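Below is one structure, written out as structure tokens, with a few remarks after it.
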Amino acid sequence: MRTMTFKVFRYDPDDGRDPHFQTFAVETVKGMTLLEALYWIMENKDPSFAFRSSCREANCGSCAMHINGSYGLACRTQVENLKPPITIRPLAHLQVLKDLVVDMKPFFDNFKAIKPYLIPGEDPPEKEYYQSVEDRKKIDHHVDCIMCGSCYGSCPVAYGDPKYLGPHALLKALRFVDDSRDGAADERLAMVASEFGVFRCHTIFNCQLVCPKDLNPTGAISKLKNKIVVKKFPFMKIFVKT
Amino acid sequence: MRIRYVFKGTKEELKLNPNVGTFSWFLHRITGLLLLFYLFTHMWVLGSANKGAEAFNQRLSAVQTPLFHFLEIGLILVIFYHMVNGLSITLMDFANISSKHKSLVVAVVLVFAVLAIVSLSVMLPRIFAPHVPTGGLA
């Protein structure tokens, strides 16, 4: 057992106080995750402490937050790997509702804007859609995104421009563009080539660094850029890699 | 107000994401603004050529002072940083090598260092040498 200091962001719109940090001394045990430590605070110190969580195994993406200088999932962060005082903040670029809970609506609105569902180009086949192993491998990477919001929080472009689609939405856009069963690639490319799409990305690489699933939204955005460029100027095929 | 909002946020972004990418993005923006400022100064000097040789020589000699020679060192570094970083981003996009970000950063630093050392080794002796008026156009 080891006592560690936690500095946690607190904000309650009802109590009239400004946002502030509150310090807690948490008794940690070996193998304790950050999420368990947050639950410990809620159960033993302050029952009004609010945060989001669900699956506890890095599958639902609810518990993404800013932990000691980087974004990540609380449930897959070991407390003993963190340097005290452990500073916890909510996700940036989204409005704080209470403590570590943010309003994810703009985040999911951006996601919906890229039409995140299959739009088949032809009539549905009699049985299921066929996809070869090679074609499936093309989207292997992108389907793993759990929509936790770490990339969106870490993206400085999302701060300056709330209309920017964000790394999560653009990664998912590539997931459908690369899908052999999808027939709306042109429509999607036109959508992400807009003012608030891929060309707003400044290639800062924060999204790639923080992604808890080790995905590469920066690479997805550059791939989309190349696809758009080749669609508009076919001769560019010799210069860019799509 | 909007500009103030963006600048305030940039400070916060640097604090919350202390990554190499955030710093290079910040430097790229700052050097871009400095280059814009330089561009106008540059045109202000060159534009005087429209008013004849006399005016041009006069304005050119105004920027041939030790202060401006010192600023020229900064200008060279600003140009090289903006150029090398911009080229690396273009290369990253075109060749789709985003997974090799760390190697790219190392390459940017190395190329920047080589360019800076070569150009400074040419510039510094000239700056500290006594100023010889060339006479200009007249």
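In what follows, chains are A, B, ... by sequence order, proteins preceding strands, each numbered from 1. Everything numeric in this text was worked out from a predicted model, so none of it was measured.
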Inset, instruction - With a 4.5 angstrom heavy-atom cut-off, could you sort out which part of A:Ile204 is near chain B: side chain, backbone, both or neither? - result: both
Legend entry - chain B neighbours within residues 149-160 of chain A, where any heavy atom lies under 4.5 Å away: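 Result: A:Ser154, A:Cys155, A:Pro156, A:Tyr159, A:Gly160.
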Legend entry - Residue pair A:Asn216 / B:Ser99, side-chain donor-acceptor N/O under 3.5 Å: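 Looking only at side-chain atoms, B:Ser99 and A:Asn216 do not form any donor-acceptor pair under 3.5 Å.
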Legend entry - Donor-acceptor side-chain pairing of A:Thr203 and B:Asp93 below 3.5 angstrom: no
Inset, instruction - Could you grab the distance from atom CD of B:Glu12 to atom NE2 of A:His93, nearest 0.5 Å is fine? - result: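 One gets 9.0 Å once the value is rounded to the nearest 0.5 Å.
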Legend entry - Between CG on residue A:Asn206 and CD on residue B:Glu13, distance to nearest 0.5 Å: 8.0 Å
Legend entry - Contact leader toward chain A among B:Asn19, B:Thr10, B:Ile97, B:Ile89, where contacts are heavy-atom pairs under 4.5 Å: B:Asn19
Is the [atom1] atom of [X] crowded by more than 12 outside heavy atoms at less than 6.0 Å?
X: A:Lys163; atom1: NZ; answer: no
X: A:Arg181; atom1: CZ; answer: yes
X: A:Gln78; atom1: CD; answer: yes
X: B:Phe23; atom1: CZ; answer: yes

If you compare all heavy atoms of [X] against all heavy atoms of [Y], which two are closest, and at what distance to 0.1 Å?
X: A:Lys223; Y: B:Asn96; value: CG-ND2, 3.4 Å
X: B:Pro18; Y: A:Gly69; value: CD-O, 3.4 Å
X: A:Gly219; Y: B:Ser98; value: CA-OG, 3.0 Å

Inset, instruction - With the side chain counted from C-beta on, respond yes when B:His28 and A:His202 share a heavy-atom pair under 4.5 Å apart, and no when they do not. - result: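 The answer is no, as the side chains (C-beta and beyond) never meet within the 4.5 Å cut-off.
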Inset, instruction - May I ask you to test the A:Phe205-B:Met92 pair for a side-chain heavy-atom distance under 4.5 Å? - result: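 With C-beta onward as the side chain, the pair touches.
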Inset, instruction - Apply side chain to side chain contact (heavy atoms under 4.5 Å, CB included) to the pair A:Tyr71 and B:Leu16, showing each step before the final yes or no. - result: CA-CA 9 Å; A:Tyr71 291 87; B:Leu16 291 181; 3.9 Å; yes
